[in-house]
There are 2 protein chains.
Amino acid sequence: MSAIQGARERARAEVTAAIKEEARRQVAREGAVKLSLRAVARELGMVSSALYRYFPSRDDLLTALIVDAYDALGAAAEGALATADGREPLERWSAVCRAVREWALAHPHEYALIYGSPVPGYSAPQATVVPASRVALALLTVVLDAHAAGALRAPEGAVVPEAVGADARALAGTLGIELPEAALTGFTAAWAQLFGLVSFEVFGQFNKVVEAREEFFAHAVAALGRATGLPWTSQSD
Amino acid sequence: MSAIQGARERARAEVTAAIKEEARRQVAREGAVKLSLRAVARELGMVSSALYRYFPSRDDLLTALIVDAYDALGAAAEGALATADGREPLERWSAVCRAVREWALAHPHEYALIYGSPVPGYSAPQATVVPASRVALALLTVVLDAHAAGALRAPEGAVVPEAVGADARALAGTLGIELPEAALTGFTAAWAQLFGLVSFEVFGQFNKVVEAREEFFAHAVAALGRATGLPWTSQSD
DNA sequence: GCAAAGCAAGAGCACCGCTCTCGTTGTTGG
DNA sequence: CCAACAACGAGAGCGGTGCTCTTGCTTTGC
């Protein structure tokens, strides 16, 4: 990022990073509930009160971890998008979804941190909204590209209610994109539904119900992409 | 249930209920993380150690609340199903979904308790699986009735992968129901996706994205029902 | 070179989950 | 009927938590 000026600032950056790293390790091992400032300080060989020079409270440390988790998941999604560049829309869509699922399964506690119950306050801190949008934007890219190529089918089904269409227009304006109301509305629903599939698997709701998890997910996600209007060849799944 | 024998057992049942009630109040107000045995005991005018005569640990108290929450949500879903009896399949489907959403919005912390990050251990205690299935069974009833009436459309899209179909057959066997593999697979996905929609709204992921929450939900849920194969008239939404 | 700011350390506060002991009280079998 | 027993409430206490405040030391900037 920016050049580090003196030894003090460098030390501060390093200690801050070390705290976050140890905290992330604890969250990954035991979950956010078990994260303890004292344990982090102990592991780092400092006294607990010293840690408050770097994070004003436990919730602030957790918020930093939340931002990092959003960024890591977003990077995974964007990486999958880049790797699937040039392929069919539905394949790109599925690739991003698969990356989300795999990251979630590899980091269940960090996934729970961002898509489980919000643990500090009720409204997410402002700092989290940009990193949080990265997955959605990766998915949206697929839809936008398909639309630009004239390959996006109009979603079947009922007409979009006026208030919902207004939301879609406002959102399109905010993002500076061009997409039919129905398509953007359907995409928003698919975005939320994707995380329903992932959360149910990560949180154990599919126990004794779905065993072939990966195949089920691929199948469901492909259907989700088709419902969003992405074109498909007869064999794609 | 069973007749209460002596004064002691009656007292025990009453104290147990009072503890759960106060604990539920605390969870509803501050969330599961803030639930404190000592605070519950204090509020009930007893000493904290006495509470351990009724619940062996904090996690056991939480588990009891989880079971109650599943039951309350299940009852809401079943109530909606009963109220919508005799109406069109898609209306019944939407009614159950709406009941789930409304319960979740009315009891966000209790919803987070059951569909957010699992807070005690990783695998849900055995006692939770039956109450947890009530919502799914209410939704499934709609699909089964439509199928029995010959009104269920075959889901379009790719063929169901073999392993996924095997899961569907096994599940149909366990439940003692008759439903085509593709339909049951699609239903399972829709079930998870429904909770994606609800969780995103309850957990604040729709902030600054969807404002017309109720209309959006109704629209998305109707599409979900149609994707599952429920028949629809041109005007239903 | 010195004042100001940043920092680590320690003591301490109020709270937590949980355990153990000790009288008391309701239950029950002889 | 009453003695043995089991369940119970109260209290003290242990090790842990988040967080604050004070006390010196060190680095920084004028």
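None of the values given here were measured: they were computed from a predicted structure. In what follows, chains are A, B, ... by sequence order, proteins preceding strands, each numbered from 1.
Using a 4.0 Å heavy-atom cutoff across all strands shown, B:L35 reaches sugar-phosphate atoms only and no base atom. Across all strands, A:S57 comes closer than 4.0 Å only to sugar-phosphate atoms, never to a base (heavy-atom distances).
Taking side-chain N and O atoms only, B:Y54 has a distance below 4.0 Å to OP1 or OP2 of D:dG9. A:R42 has a side-chain polar atom (N or O) that falls below the 4.0 Å cut-off from OP1 or OP2 of D:dT17. An OP1 or OP2 oxygen of C:dG6 is reached within less than 4.0 angstrom by no side-chain nitrogen or oxygen of A:R12. For B:S36 and C:dC16, the shortest distance from a side-chain N or O to OP1 or OP2 is below 4.0 Å. The phosphate of C:dC15 has neither OP1 nor OP2 within less than 4.0 Å of any side-chain N or O from B:R38.
Straight-line distance from the OH atom of B:Y52 to the P atom of C:dC16: 11 Å, rounded to whole Å. Between the CG atom of A:L51 and the P atom of C:dC7 there is a distance of 13 Å, given to the nearest Å. Look at CG on B:L44: it is 11 Å from P on D:dA10, rounded to the nearest Å. Per the geometry, CD belonging to A:E30 stands 11 Å off P belonging to D:dT17, to the nearest Å. To the nearest angstrom, P of C:dG17 lies 13 Å from CD1 of B:I19. Distance A:F55 CZ to D:dG18 P: 14 Å, rounded to the nearest Å. B:D59 has its CG atom 14 Å from the C1' atom of C:dC16, to the nearest Å. One atom, CZ of B:R58, and another, P of D:dG16, lie 18 Å apart when rounded to the nearest Å.
Donor-acceptor pairing under 3.5 Å is lacking for the side chains of B:Y52 and B:S57.
Nearer to the 5' terminus of DNA chain D, by closest-nucleotide assignment, is the contact made by B:V15 (compared with the other of B:S48 and B:V15).
Here the side chain of A:V47 is nearest to one of C:dA9, D:dA10, D:dC19, namely C:dA9. Closest to the side chain of A:M46, out of D:dG18, C:dA9, C:dT19, is C:dA9. Considering only the side chain of B:L37, C:dC18 comes nearest among C:dA8, D:dC19, C:dC18.
The number of heavy-atom neighbours closer than 6.0 Å to CD of A:E78, taken from other residues, nucleotides and ligands shown, is above 12.
Electrostatic pairing of B:R25 and B:E22 counts as a salt bridge here, judged by a charged N lying under 4.0 Å from a carboxylate O.
A donor-acceptor contact under 3.5 Å links the side chain of B:R53 to the base of D:dG9.
Aromatic ring pairs are classed by plane angle as parallel below 30°, tilted from 30° to 60° and perpendicular above 60°; the pair B:F206 and B:F200 is perpendicular.
For an aromatic pair to be called close, the ring centres must be under 6.0 Å apart, and B:F203 with A:Y115 fails this.
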